[in-house]
Amino acid sequence: MFAAIHVPDFALQCVLRREPAVRERALAVVDDGLPARLRQITPAARLLGVAPGMTTTQALGRCSALVFRTAGSLTAESACLLQCAESFSPWLEATGEGVVTLELRLEPQRRGGAEVESGCASVASRFPQAGALLAQLAACDFAAQLGIAATPDLALLAAHCARPVLCVENAADFLAELPLEVLAADPDSQAATPAAVELRAARAAAFRLLQRWGIGTLGAFAALSREDVVARLGSAAAVLWDRAAGRADRPLRLVRVPEIFAETMELEHEVETLEPLLFILRRFLEQLAARLAAAYRVAASLRLRLVFAAGAPYERELPIPAPTGEVDVLFRILEAQLEKVTAAAPVIALELSAHATRAGQKQFSLFESGLRDPAKFFETLARLQALLGDGRVGTPVAENTHRPDAFHLTTPSFDEPPFAPAAAPPPGPSLQRFRPPLPADVQARDGRPQHVFSEKAFGEITACRGPWRSSGDWWSDGAWDRIEWDIALGDQLYRLARQGDAWFLDGAYD
Amino acid sequence: MGDPSQSRIPPPARRKAGLGSPAYVELHARSAFSFLRGAALPEQLAERAAELQMPAMAVCDRDGVYGAPRFYKTAREAGVRGIVGSELTMEDGHILPVLVESRTGYQNLSRLLTQAKLRGTKEHAPVAWDDLPEYAGGLVALFAPGPGQGTVGNPQKLLSTFGRDRVFIEIQRHHTRGEQRRNQALIDLARQQRLPLLATNGVLYARPAQREVLDVFTCLRHHTQLDLAGRLLEQNAERHLKSAAEMQALFHDLPEAIANTVRLAERLEFTLEDLGYEFPRFPVEPGDTMEAMLYRVSYEGARRRYGQDLSAKVRKQLERELKLICEFKFAGYFLIVWDLVRFCRAGDIMVQGRGSAANSVVCYCLEITCCDPIEYKLLFERFLSEGRGRRSWPDIDLDLPSGERRESVIQEVYRRYGERGAAMTANVITYRGRSAAREIGKTLNFSNDVLDRFSNLFANGDFPHTLGFHEQLVKAGISPQHPRLPAFMRLYEAMHGLPRHLGQHSGGMVICQHNLDRVVPLERASMPGRVVLQWDKDDCEDLGIVKIDLLGLGMMAAIQETLALCSSRGREVPFHKLPQDDPATYEMIRKADTIGVFQIESRAQMATLPRMKPVCFYDIVIEVAIIRPGPIRGGLMHPYLARREGKEPETYFGYEELLKPVLGRTLGVPLFQEQMLGMAMVLADFSGSEAEELRRALSSHRSHERMSKVQMKLRSALERKGIQPSAIEQIVNAVSSFALYGFPESHAISFAYLAYGSSWLKVHRTPEFFTALLNNQPMGFYAPATLIKDAQRRGVKFRPVCVRDSQWDCTIDEEGAIRLGLRMVNRLQREHGERLIAARPFASIDDVRVRVRLGREEWRTLAEVGAFSALAKHRREVLWAVEEEYREGDLFNTAPLPPPTSCPLPPMNAAERLHADYEGTSLTIGKHPMALLRSRLPDAWRAADLLHAPDRTRVRIAGNVICRQRPGTANGVVFISLEDETGIANAIVPPWLFERERLRITQESFMVIEGILQSRAGTLIVHTERIESIPQPGFAGAVSHDFH
């Protein structure tokens, strides 16, 4: 016996789960094609004449207030679905987007929760936990449908028709009146191998052709001879025919529940202070820690993402020096990180995920020179970062731009071989940069600097070369336009720069 | 610099530059005609050079001289000498800038570029080093390593090719770190080799602000975005055109490098003035001359046209024209066109001269045109007049049937003059509207979906004047606060009108006495067998290069096919001798029942016909001319119609006596260009050539300044003649507005012949006419679906596509019904269709399947559109059969194949058949889709029933949108035509409603319109107040003719 969980309009439900405030609005989830088309829509959008499959432009023609969203990655939500299902059966298949199939091998045991009033007396006997499963999914904000049948494919078809639970007793009667469209729910929709993609395309083509043949129901389809169907539509159609005739049976492609531990929330009310933010994060950590513990895992790193009402989001990967599942330890790391964070705009969404690992398992490769105590090193790094601020700790990497001194810092990695041949340095003396550049007062004649006065160096300029001009990023907030001079003050050479009306001493040459 | 009196730099520029002060000439600049490698128009470079008082300047576009004519023209007007050059991409990737010293040098450069372009591909056509010595004469080379080339290299190759006196070491300073090292190496090289240094700024744009456009172009060239382009972008904005003072300051340590720019510029004596173009001579017998031959053939033709005894009037006009033609040495041109027309006639290719050529009795006698200028009193000066200088060639455009026949004429020209003796003129495709916004959006990293929506708001070249650019961006979903919006808008403004790529003009051909590749570089067009030159038709005209327009007209192809069909059915039509007073034809035209006919089928024409009520041929001439932007914008259409209806008196700007002979036949309203010329001649005492100059200046879309000057001249002349100020204002306005867009009367007459002829054919040879229209798609204003419905309303029977009976083209059967051809089936390859035809007859579906090889989808489409109805009970029976694998019999077994299994599929119902028809052929010969939707729209009026509705009735109409138009002359009003099962209903949408419902209007294929019916003078139009979609009509409907 099999039970199929089907979350209708899964992508839409995921979007609404992340952003509950837009639940009542006319909203559509769009695909990433060109032109972009609507995948799933809210009832409010449907009422205004919008239909899935329309281009975004056509839809806007019918409803100018329509809101568009892309689903983004659904991995976390799919994992959540599997994790819910896992409580009821260890034999799980991730059948498709928003579809999980369970094999019910064991004698049903009550786990509490109300039975479902489905109008089908056999539900209670075949899967008494159906109500509990739906309740658990509802607690995770998923409105799901449940189909129970003797085969996985039949259960899936039942799930599509369930309101909210349907148990199939007589396959032939059940299938006969089902519309052909239910076959479009492809059990292989998640496999990404070339063969699977090809098979899926063949089935989609066969499905389209069946529609052109005027086949409206599974009964009409099953009434065709299987041999004739295969002779015309190829072997890919045989599977469809078997499903239509209720003859399809197959073992489940069992999956392990993925170790994705992430919690997301779009806030209805913006958060402006640290305290409520930490409160939410603590709750997230507790949930994550419980899930980690259930999987016998600890957190190797945390990833925090804060989205503000304006400006770029704040994203940080926080390595955990000694991987742990302890809420307090993890919370301290988060707290230390957030203490220094200031933002011009309030937080409107946040996401916290944990990268899981087994505790204390690491083996170096033969030529790898790892740190003696990585946990301690990363702890030091985290402290330094908290002390010095963002973007001030790490290994500098030059950026691909003409902007002077453009680089970013990356967290050092000790998993990779440490040395790569460095590019040859440019000829000439090297520049020791002052970071930040030192403000300078400069007297100039005909645009050429004559005297300079700054914290580190001052006096008459005895020699001067330049100017060198550079400008860029004119399309963004980070536009720059500067003029540089190399100057000699006595026997010391410096680089002097002018940006707007201000002068700076950029550095000294060796 | 030598003696200033000997200088080739124009004296005014020298004076401006300041006597005695050392000057600077920029000798290395790229314009936007280097396609994504330069950001300024040649005109902008020339104007900036003039502002900087630069005496001369060179533009060196990459691998061509694309921008040279525009640069030369603007520079000359601004007192700057335009020097020609080019950057050559060599086979090893080296970029070699060369400058033209003499005409020989120019010819060499042109031939060198042609050689490379014709040898290579359109994308990659480098110059071979081995070709260089042959073409190096008259060229000066600049030696400089390109950016990214690590070492300075060795100039020996250039020295041996060009000689020591024609190689310069080029040096540039852009205030970037590291350039000194490279420059020092160049200076050392120059000293070591004793070669002159030449300072240039490697100009890529006229002003610093244009650097932004160049950065965008760089991204487009590298298929990347600004955020990711990094060091590919310019380091600063220093590659703009700089003044002599700036360059002197920059090269203060190398004054000789600056002085050499002036010295070299002095040596580069060639300009495009000196092009050496010569139109080919017509071959004549020894002892004969082209002039004598032209006289001879013209008189022979005159006798054919007018009879043996030529009237004095004809003789006088012929003599006058021939004298002028021979005086201008245009005899060869006329003979060549005459010969081409003879070629067409011999090859059964319909041909008709259009445009102002029809004003010439010589053209009429040579059978180039078909309209008698003497009968219509046409003004010859509109075609050719004295005092127009050698650069203004007469313009003869030939209309030919589009398609294979026209192509055969073009190929004949290539055959006669050789691949390097003839070429199509180019068509410069520029960045504007959607293309600019899309490219900018891509580089600024806006999402494709947003850009797609932005483009949809433009709706097929729609006039965006009622929706500001900023508003349009916001409507597309770009926040007004988007940080990149200012850059987007800046770039949109700056990129608008810059060249994007070079296309091919629709018909303009240039031919040359000697090889054309000496005059302008030639290159391959995308279309096989075509060669295109690097300049567009305006450039050619500016440089005195004459072109012949060989234009394709779909209607001529359709008429020619109609006539052939009539002949084959024993219903011959003497098309050139049609009676011009046929009542049935005028009756149809007056009812605006003109779908499918030439010119007068458009929505705007159809709206005017019931008011115009044409009764004679000249009324059609006026109808063709009056629905044009010029007369409409000039406010001339309504006065004319009002006067015709007797609602307004005829007036002549207060000068009836003077103007009645000119404007009488158009009731005092100037509708034709000839009348405009006549007015200028009568009222302002302009000579014929001055009047034509006035028209040309007013039609010059490139120069507002030129237009203002001639307007001033006309105004002054009118004032001098004592014309009333109010009349002057009216006259100048009328003249200016339709000089831009109006027809010459002769052109209107030529088009009216086709309009009347096609109308006659529609009335009297209906099946043949519609058959030919269907076989020559795409053409005209309406899709085949609409044409078929129109024909059906006229009683024509149609038969579906049939594998047993259909030919590739549509045909007419014995009963006079039109059998749709296989060409109507979407996605059916012609070769496969002909294979099917060749394999006939067929005994069964299985027989077809065994003997004909088609693609799987082709079988399915044929089955679904009912093409097998002669062999099967219903469409799905075939759909069932064609899916089965081929069941080929044993080669040696003659026993019949076992019968296929019977079809278990249900037949299609009416809606399914309709859906299949539209999917497979984009049309149906069955019921109109609206017939099936009608029950869902009980309160909607049918188009045919609107006739019975009183004026000002509130109505709802519904249908398939077959036309959406927003003419530039309509102040933002949109016209929509909805087709239903009874005909076509028209509606107008006010601008405010269009803006509110813009996307619904442009996206929906079926809609309901509610509004107030205006029913006047037989014209029905609904003034829209509300628009609704028809949710899920279930079929796509006919293709709409939108915003053209």
Side-chain angles (χ1 to χ4, degrees), chain A residues 30 32-36 49-51 54-64 68 70 209 212-216 220 223-225 227-229 231-234 310 399-404 406 426-428 446 465-477 479 481-484 486, chain B residues 174-178 180-181 211-212 215-216 226-231 233-238 443-444 447-449 452-453 456-457 475 477 483-484 486-488 491 860 864 876 879-880 882-885 901 904-909 912 916 996-1004 1029 1031-1032:
Chain A
V30 296
D32 52 1
L34 193 65
V50 176
M54 283 181 165
T55 64
T56 54
T57 320
Q58 285 169 334
L60 278 175
R62 294 197 173 186
C63 171
S64 58
F68 296 119
T70 49
L209 207 55
R212 287 164 85 170
W213 282 0
I215 303 295
L224 302 177
S225 131
E227 188 190 350
D228 283 343
V229 168
R232 283 162 179 78
L233 305 184
E399 288 184 358
N400 175 24
T401 170
H402 293 300
R403 181 196 287 273
D446 299 331
R465 181 170 285 182
W468 289 281
R469 296 170 191 272
S470 66
S471 57
D473 289 358
W474 46 265
W475 60 91
S476 69
D477 294 339
D481 186 355
R482 52 188 273 141
I483 301 170
E484 292 174 3
D486 288 344
Chain B
H174 297 127
H175 293 300
T176 55
R177 284 184 184 276
Q180 304 118 297
R181 193 168 292 110
R211 170 264 181 104
E212 295 186 356
D215 279 349
V216 168
L226 285 161
D227 291 320
L228 305 176
R231 293 188 181 87
L233 303 180
E234 287 295 296
Q235 187 164 350
N236 55 36
E238 291 295 314
T443 57
L444 284 172
S447 81
N448 278 333
D449 187 36
D452 207 39
R453 280 208 292 277
N456 279 320
L457 286 165
K475 272 200 163 205
R484 295 187 173 191
F488 197 125
L491 287 165
R860 286 174 188 158
E864 281 186 307
R876 287 218 175 100
L879 206 49
W880 178 255
V882 299
E883 293 301 339
E884 200 175 5
E885 288 300 318
T901 54
L905 303 181
M908 286 184 185
N909 60 29
E912 286 172 332
R996 205 181 72 190
E997 299 281 359
R998 182 180 266 260
L999 286 176
R1000 192 192 300 272
I1001 289 170
T1002 55
Q1003 299 298 312
E1004 297 286 341
S1029 317
Q1032 297 171 333

Pick from [options]: which one has the most heavy-atom pairs with chain B under 4.5 Å?
| options | answer |
| --- | --- |
| A:Q58, A:R212, A:R482 | A:R212 |
| A:A36, A:S225, A:S64, A:A223 | A:A36 |
| A:E484, A:R469, A:R465, A:E399 | A:R469 |
| A:D481, A:D486, A:D473 | A:D486 |
| A:V30, A:N400, A:T55 | A:N400 |

Checklist entry - With only heavy atoms counted, which part of A:L224 is less than 4.5 Å from chain B, the side chain, the backbone, both or neither? => result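 A:L224 touches chain B through side-chain heavy atoms alone.
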Item to check | Portion of A:I483 that has a non-hydrogen atom of chain B nearer than 4.5 angstrom | outcome: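 It is neither, since no heavy atom gets under 4.5 Å.
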Could you tell me which portion of [X] (side chain, backbone, both or neither) has an atom closer than 4.5 angstrom to a non-hydrogen atom of chain A?
| X | result |
| --- | --- |
| B:A229 | backbone |
| B:N909 | neither |
| B:E238 | side chain |
| B:L879 | both |

Next on the checklist: If only side-chain N and O atoms count, and only distance matters, is there a donor-acceptor pair under 3.5 Å linking B:D215 with A:W475?
Outcome noted: no
Approximate separation, where rounding is to 0.5 Å, of [X] [atom1] and [Y] [atom2]:
| X | Y | atom1 | atom2 | result |
| --- | --- | --- | --- | --- |
| B:L228 | B:L233 | CG | CG | 10.0 Å |
| B:D227 | A:S476 | CG | OG | 7.0 Å |
| B:R998 | A:T57 | CZ | OG1 | 12.5 Å |
| B:L999 | A:R62 | CG | CZ | 12.5 Å |

Pick whichever of [options] has the most heavy-atom pairs under 4.5 Å with chain A.
| options | value |
| --- | --- |
| B:R177, B:R484, B:Q235, B:H174 | B:R177 |
| B:M908, B:E997, B:E912, B:R211 | B:R211 |
| B:P907, B:S1029, B:P483 | B:S1029 |

Item to check | Considering all heavy atoms, the nearest A:W474-B:A487 contact | outcome: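 Looks like CZ3-CB, 4.3 Å.
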Next on the checklist: Can you give me the closest heavy-atom contact between B:L905 and B:R876, atom names plus distance?
Outcome noted: CD1-O, 3.8 Å
Checklist entry - Are more than 12 heavy atoms from other residues, nucleotides or ligands located less than 6.0 Å from atom CD of A:E227? => result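 No - once you tally the heavy atoms of other residues, nucleotides and ligands closer than 6.0 Å, there are 12 at most.
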Checklist entry - For B:E234, which residues count as a side-chain hydrogen bond (donor to acceptor under 3.5 Å, both in side chains) partner, sequence neighbours excluded? => result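 None.
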